[in-house]
Amino acid sequence: MSRLLLNAPPRAASLPLGVAALLAALAACGEAPDDVIRIGVVGPTQLVYGQSMQAAALMFQDELNAQGGIGGRPVELVIRDDAADRERAIEVASEFVADPTVAAVVGHVTSGAMLAAAPVYQDSGLVSVSPSATSPDITRAGDWSFRVCPSDLEHGPALADWLLGRLGRSRPAVLYANDAYGRGVLGSFADSFEGGGGTIVSRDPFLTATTQDSTAVEPYIERAMARSADALVIAGFADEAASIIRAARRLGFGGPILGGEGLLGVEEAGAVTEGVYVSAPFLPDVTGAAAADWVAAFGERYGAPPDAFAALTYDALRLVAAAIADAGSDRAAIRDWLAEVGSSRPAFEGVTGTIAFDANGDVPDKGVTIGRIQRGQVRTVGGG
C-alpha cells in the first residue's frame, strides 16, 4: 500500500472525530477517565507494515466512537511502537500489563516480537491478539495469546504449490531473515516444496542490517545463479526485500521472485518489484460486499488501498470490541470470550473472512491467496 499520511485529516465525512481521535491516540498517555475503555495497540509504527496497522487502528477508533463507543463508553487506543524488536516488545508488554486501564492488546505484528512478549501477557493475565504474527511457534505461546492470521504452515505450502504447479519452477534459491518469521516461512516452504519433488539450490540467512546495503546479499544471489536457480523466494519483510530484489535484478536474475505476506508493501520500491508474487491472507481486490465497502472507506480516508496488515488489525480490534461489549472489560472475561469464538460461540465474520479459534488460539481454517504486483498494486492471481 502507499505510505499513509497519518497526520492528515480523514477524507470521509462520515468520520467526524478523525483529527481529535488521531491526536488522542498518538498522545495516548496519562490516566484514563473511568468511563473510557482502553485497548493497547502495538507494532513497528515506523515501518511500512506498522504504519498500515496504525492506520487501520485509528480508523476503527474513529468509527466506533462516532457510533457511541462500546455501551456508550468511548474507546481510547494506546498505541505503542515495538520497533519489531524483542526487547522493546517485552518493555511495551510490561507497560501494558502494569496499567490496569488497558483491557486487552492488539499486537504484536512480527513473530519475534510476539514470541518475546507472549510470556509477559501469559504470566500477568492480559490477552493479546496478533494481527499478523505467523510463526508456528506462537501456537505454543499460551492461552492468553491469539492471532487472526494463518500461520507460516499455510503460507509456505501456498508459495510452494504456486511455484511448482503454476510457474513450473523446480530450482529456487531462498533468502530468509534469520528470525522467527524468516525461519518459519523457510521451514514450511522447504517441507512442501521438496515434498513435491523440487530442489532448493541454496538457502541463505540475512540480518536486516545487512540489507540496507543491497550489495551485501549479492554473493548469495551470484551463487544461486551459478547453481541455475530458476526462482528466488524471500522470507522477510518489505524494507529488506526491496534491497534484495534490486540486487537480484541488477545482477541479471530474470526468474520469478516470491515471498510471504511480509513482502506486502514492497511495491513501494517501484518498478523493480513489478511481477513479484506475494502470499497474503487478504488483498484489497477481495470479493464480498462487506470487505469491498471497508476497502472503499479505507481508500477514501487515506487515499490508498489497505493491505493485509491493515485489514487484520481492523478485524482484531473489532473482535476485541465485540468481546468487551458482551463480556465487559475484565481481562479474564475477555480471554474466555475469545477462546469460545468458533466453538461454543459463533465464528466471527471479519473483512478478512471467518475467524474461528482452535484450542491454541489459532485460526486453522483461514487460508491465503496469491497476489502479484502489477502497476504498483498487489492484485489477486489465484488461491493458495
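Quantities reported herein were computed from a predicted structural model and do not represent experimental measurements. Start at 1 with the first residue, then count along the sequence.
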Note, [X] side chain near [Y] side chain (heavy atom, < 4.5 Å):
X    : Y    : result
D82  : E91  : no
L263 : V378 : no
V129 : V105 : no
V381 : Q374 : yes
L163 : P172 : yes
R183 : N178 : yes
M53  : V106 : yes
L251 : M225 : yes

So which of R250, R249, R246 actually passes salt bridge (charged side-chain N to carboxylate O under 4.0 Å, His left out) with E218?
R250
Could you grab the distance from atom [atom1] of [X] to atom [atom2] of [Y], nearest 0.5 Å is fine?
X    : Y    : atom1 : atom2 : result
E63  : W294 : CD    : CH2   : 9.0 Å
S329 : I70  : OG    : CD1   : 9.0 Å
H155 : L258 : NE2   : CG    : 13.5 Å
D358 : D365 : CG    : CG    : 8.5 Å

Just do the salt bridge (Lys or Arg N to Asp or Glu O under 4.0 Å) check on D204 and R223 with the steps written out, would you?
CA-CA 10 Å; D204 294 297; R223 185 173 70 232; 2.4 Å; yes
Determine, step by step, whether D326 and R345 satisfy the salt bridge (Lys or Arg N to Asp or Glu O under 4.0 Å) criterion, reporting the C-alpha distance in whole Å, the side-chain angles of both residues, the deciding distance to 0.1 Å, and the verdict.
CA-CA 12 Å; D326 198 33; R345 189 177 300 280; 3.1 Å; yes
Which atom of [X] lies closest to which atom of [Y], heavy atoms considered:
X    : Y    : answer
A316 : V148 : CB-CG2, 4.3 Å
E267 : T273 : CA-OG1, 3.6 Å
G265 : A238 : C-CB, 3.8 Å
L115 : S135 : CD1-OG, 4.0 Å
T354 : K366 : O-CG, 3.3 Å
A347 : V341 : CA-CG1, 4.2 Å

Mind telling me whether W162 and Y277 have parallel, tilted or perpendicular rings, with 30° and 60° as the class edges?
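The arrangement is tilted - the two ring planes meet at 30° to 60°.
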Report the relative orientation of the aromatic rings in F189 and F193; use parallel for angles under 30°, tilted for 30 to 60°, perpendicular for over 60°.
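The rings of F189 and F193 lie parallel, inter-plane angle below 30°.
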Determine yes or no for a side-chain-to-main-chain donor-acceptor pair under 3.5 angstrom, with D35 supplying the side chain and R73 the backbone.
no
Test of understanding: clusters of I, L, V, M, F, W, Y form through side-chain heavy atoms closer than 4.5 Å, transitively. Do [X] and [Y] belong to the same one?
X    : Y    : value
V109 : V185 : yes
V233 : L153 : no
L312 : I39  : yes
I138 : L319 : no

Does the separation of the ring centres of Y176 and F206 fall below 6.0 angstrom?
no
With a 6.0 Å cut-off on the ring centroids, do F309 and F282 count as close?
no
Using the rule given for salt bridge (Lys or Arg N to Asp or Glu O under 4.0 Å), can you reason through R301 versus D62, listing the C-alpha separation, both sets of side-chain angles and the distance that settles it, and then say yes or no?
CA-CA 11 Å; R301 176 182 173 104; D62 289 352; 2.8 Å; yes
Salt-bridge contact [X]-[Y] (side-chain N to carboxylate O under 4.0 Å):
X    : Y    : answer
D161 : R166 : no
R38  : D99  : yes
R203 : E194 : yes

Start with the C-alpha gap between T134 and D152, add the side-chain angles, then the distance that decides, and say whether side-chain hydrogen bond (donor to acceptor under 3.5 Å, both in side chains) holds.
CA-CA 5 Å; T134 59; D152 294 333; 2.5 Å; yes
Please check if any side-chain donor atom of D143 sits under 3.5 Å from a side-chain acceptor atom of Q122, or the reverse.
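On atom types as modelled, these side chains qualify, holding a pair under 3.5 Å.
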Whether the D315 and T352 side chains hold a donor-acceptor pair (N or O, under 3.5 Å, no angle test) is what I'd like checked.
yes
